[in-house]
Colleague: 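Here you go, one structure.
As the structure is a prediction and not an experimental result, all values here were calculated from the model.
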Amino acid sequence: MRTSPALRAAALAATATVLLPLAACSDDGDGGTGSSTPSSASTAAPTATPGNLSSQKLDWKPCPAPNEAQGSGTSPSPLPGGTTWQCSFMDVPLDYADPEGRTIELALIRAASRDRGRRIGSLIFNFGGPGASGVATLPSFGTDYDSLRAHYDLVSFDPRGVGRSEGVECSDDAALDARYEQDGTPDDAEEEKAFVEDQKSYIADCEENSGEELPYVGTTNAARDMDLLRQVLGDDKLYYFGISYGTELGGVYAHLYPRTVGRAVLDAVVDPTEDSLKSSLGQAEGFQLALDNFTADCAERDDCRLPGATAQEVQDGITALLAKLEKKPVPGLGERELTETQATTGIASALYSKETWPLLEQGIDEADGGNGGLLLALADSLNGRSEDGHYDNSNAANAAVNCADSKQRFTLEQTRKALPAFRKASPVFGDYLGWGLMACTGWPVAGAWDTPDVSAPGSAPILVIGNTGDPATPYGGAKAMATALGKGVGIELTYKGEGHGAYNGGSTCVQRTVDAYLLEGKVPKSGTVCE
């Protein structure tokens, strides 16, 4: 069940490395690179694109309804004023090292600018994940970005491996239901064995169903695809709006193609200097901060449905609920039950936006009373499960991209040793995210990097926005990204707010600053603060 398209999109956009279905694991790794598996596409200098691909013509048509891999639903509604969404496909090389070889299709969507005489170009969006379908997500936020349509065509795409763009396939719906019901925080040898076997089975499914594509779905190839898209759209420069993982994609693009960066916004910023261990710990701290803010708000209100006179007492009640669910799940939706892991996923899902705090409060209260339906629905929204029981491919794509990018592979023993640090970072989410370290262990493709190179000397200024209350991409990532992009390139803007991301966070200051930059080229002073 989807509580709302906006919640699903916001949650998915925040799904950085560890909030994905835990991948297979083994006991013989060393926490470093895999030595016997094929490597993903390299981060070397961009290769030439075949002329016939850069000059291809796009056949724009009215958009169909999203397919199952994109999340299903209905065709996008027209924008205010009657502008309709148009969709097309673009051919890209599967392997840029073999540009004359096999090609794959990327699904595209656009809404034309209002003032064609003052059109700057196409503003390309990536909503993160990795795994978010841009084709399905952009229309959900179309009105939020309508001011930018004054001078831009709004454009997005399903990155390779996502949605209609050769979407990665792993397990079927029944297997995914069982997978998400499993205990994701094993406490003894028997649970650990079940955890390991489930992960091995999941990876085997991914390799069987999408093995030929898995080496080519990494971020470097996605950046190369964006540059080809820029050329095909007829733009001399790339105009870009990246959110969450989309900020990492934007940073990698700037590193590869600094001279073709036009105006670019990076919102809800992934820290490019952190490896998967540090990133996961940072995310545990970020979700704990968001939960602390939620419980403090609840404790201060006379009408809060959760017991406790202080924030700590409210949180103690949540911890007690999760412990109770571990021993005995409660009824959820239909014949499905709410387990501890599903409840933790549902809580995380609702922390992406302050607007969903009321749903979180209601869901926790109802689950404590024996009705887990709402928390399970929130978990479904993050896991990509629709009301009819079908899953989109967002989490399969998330695993494939993350594991094609990251070199780190953790053994069972290394994960056990890391758990105390995760529990210290977050009493609620620590175990949940700590076990996620094993997400890529056993993956059939070796990762490309420990951390991505986003240095972009010679690039135009890039606006980097950090939200002090962001749970999934903690605030410090914005400064790290701005610094890594280079002096005069990374321009930092701070939003003192809650939730994942800033532009749609309700701050007039943030929206005016971003709009002035994108529409008029006005670069704010680095260090500007909006409240």
Colleague: Does Arg224 come within less than 4.0 Å of Asp227, counting only side-chain N to carboxylate O?
Modeller: no
Colleague: Would you mind checking if Arg385 and Asp173 are paired as a salt bridge, meaning a charged N to carboxylate O distance below 4.0 Å?
Modeller: no
Colleague: For the pair Ser426 and Gln288, evaluate side chain to side chain donor-acceptor pair (under 3.5 Å) and give the outcome as yes or no after the intermediate values.
Modeller: CA-CA 5 Å; Ser426 174; Gln288 186 61 46; 2.6 Å; yes
Colleague: Indicate, with yes or no, if the rings of Phe127 and Phe157 have centres closer together than 6.0 Å.
Modeller: no
Colleague: Which heavy atom of Ala400 sits nearest to which heavy atom of Leu214, and what is that distance?
Modeller: CB-CD2, 3.9 Å
Colleague: Examine distances only and state if a side-chain atom of His255 and a backbone atom of Ser455 form a donor-acceptor pair shorter than 3.5 Å.
Modeller: yes
Colleague: Side chain of Asp392, backbone of Gln70: donor and acceptor closer than 3.5 Å?
Modeller: no
Colleague: For the residue pair Leu154 and Phe125, what are the closest heavy atoms and their distance?
Modeller: CD2-CE1, 3.9 Å
Colleague: Determine, for Asp59 against Lys61, whether the closest basic-nitrogen to carboxylate-oxygen distance falls under 4.0 angstrom.
Modeller: yes
Colleague: If you measure from OG1 on Thr273 to CE on Met481, what distance do you get to the nearest 0.5 Å?
Modeller: 9.5 Å
Colleague: Does Arg259 CZ have over 12 foreign heavy atoms under 6.0 Å away?
Modeller: no
Colleague: Would you check, one step at a time, whether the test side-chain contact (heavy atoms from CB on, under 4.5 Å) holds for Arg119 with His151?
Modeller: CA-CA 4 Å; Arg119 177 181 176 275; His151 302 320; 5.9 Å; no
Colleague: Which pair of heavy atoms, one from Ile109 and one from Cys87, lies closest together, and at what distance?
Modeller: CG1-SG, 3.8 Å
Colleague: Determine yes or no for a side-chain-to-main-chain donor-acceptor pair under 3.5 angstrom, with Glu300 supplying the side chain and Asp297 the backbone.
Modeller: no
Colleague: Looking only at non-hydrogen atoms, find the nearest pair between Leu79 and Ala111 and report the distance.
Modeller: CD1-CB, 3.5 Å
Colleague: For Gly242, does its backbone N or O pair with a side-chain atom of Asp267 as donor and acceptor, under 3.5 Å?
Modeller: no
Colleague: Could you give me the CA-CA distance, side-chain angles and deciding distance for Tyr495 and Asp470, then say whether side chain to side chain donor-acceptor pair (under 3.5 Å) is met?
Modeller: CA-CA 10 Å; Tyr495 169 49; Asp470 197 314; over 6 Å; no
Colleague: Check step by step if salt bridge (Lys or Arg N to Asp or Glu O under 4.0 Å) holds for Glu105 and Arg160.
Modeller: CA-CA 8 Å; Glu105 289 185 329; Arg160 54 175 63 211; over 6 Å; no
Colleague: Grab the two heavy atoms, one from Ala254 and one from Leu485, that are nearest each other, plus how far apart they are.
Modeller: CB-CD2, 4.4 Å
Colleague: Is it true that a side-chain atom of Asn467 and a backbone atom of Gly499 form a donor plus acceptor pair closer than 3.5 Å?
Modeller: yes
Colleague: Nearest 0.5 Å, please: how far is OG in Ser156 from CG in Leu138?
Modeller: 5.5 Å
Colleague: Counting distance only, does the side-chain N/O of Trp85 pair as donor-acceptor with the main-chain N or O of Pro62 below 3.5 Å?
Modeller: no
Colleague: If you count heavy atoms of other groups shown closer than 6.0 angstrom to NZ of Lys237, is the number above 12?
Modeller: yes
Colleague: Here's a test for you: under side chain to side chain donor-acceptor pair (under 3.5 Å), which of Asp225, Asn221, Thr220 qualifies with Tyr96?
Modeller: Asp225
Colleague: Please table the atom pairs, donor to acceptor, closer than 3.5 Å between any side-chain atom in residues 486-494 and protein atoms at least two apart or in another chain.
Modeller:
unit_1, atom_1, unit_2, atom_2, d
Thr494, OG1, Tyr475, OH, 2.7

Colleague: Between Leu108 and Leu229, does the side-chain contact (heavy atoms from CB on, under 4.5 Å) criterion hold? Intermediate values first, please.
Modeller: CA-CA 9 Å; Leu108 313 175; Leu229 177 58; 4.0 Å; yes
Colleague: Counting only N and O atoms by type, is there a donor-acceptor contact under 3.5 Å from the side chain of Thr295 to the main-chain atoms of Leu291?
Modeller: yes
Colleague: Hey, what do you get for CG (Leu333) to CD (Gln342), rounding to the nearest 0.5 Å?
Modeller: 9.5 Å
Colleague: Quick one: CG on Asp235 to OG1 on Thr260, what's the gap to the nearest 0.5 Å?
Modeller: 10.5 Å
Colleague: Determine yes or no for a side-chain-to-main-chain donor-acceptor pair under 3.5 angstrom, with Ser353 supplying the side chain and Glu355 the backbone.
Modeller: yes
Colleague: If you apply the rule salt bridge (Lys or Arg N to Asp or Glu O under 4.0 Å), what do you find for Arg149 with Asp146, and how did you get there?
Modeller: CA-CA 5 Å; Arg149 201 164 59 84; Asp146 200 53; 2.9 Å; yes
Colleague: If you look at every heavy atom in Ser75 and Ala65, which pair is closest and at what distance?
Modeller: OG-N, 3.2 Å
Colleague: Would you give the length of the straight line joining atom CG of Asp236 to atom CZ of Arg230, rounded to the nearest 0.5 angstrom?
Modeller: 7.0 Å
Colleague: Spell out, as yes or no, whether a donor-acceptor pair under 3.5 Å connects the side chain of Ser349 to the backbone of Ala379.
Modeller: no
Colleague: Rounded to the nearest 0.5 Å, how far apart are CG of Asp303 and CD of Glu361?
Modeller: 7.0 Å
Colleague: Mark yes when over 12 heavy atoms from residues, nucleotides or ligands other than Arg118 sit less than 6.0 Å from its CZ; otherwise mark no.
Modeller: no
Colleague: Has Tyr152 got a side-chain atom pairing as donor or acceptor with Leu518's backbone, closer than 3.5 angstrom?
Modeller: yes
Colleague: Just checking Arg512: does its CZ atom have more than 12 heavy atoms from other residues, nucleotides or ligands closer to it than 6.0 angstrom?
Modeller: no
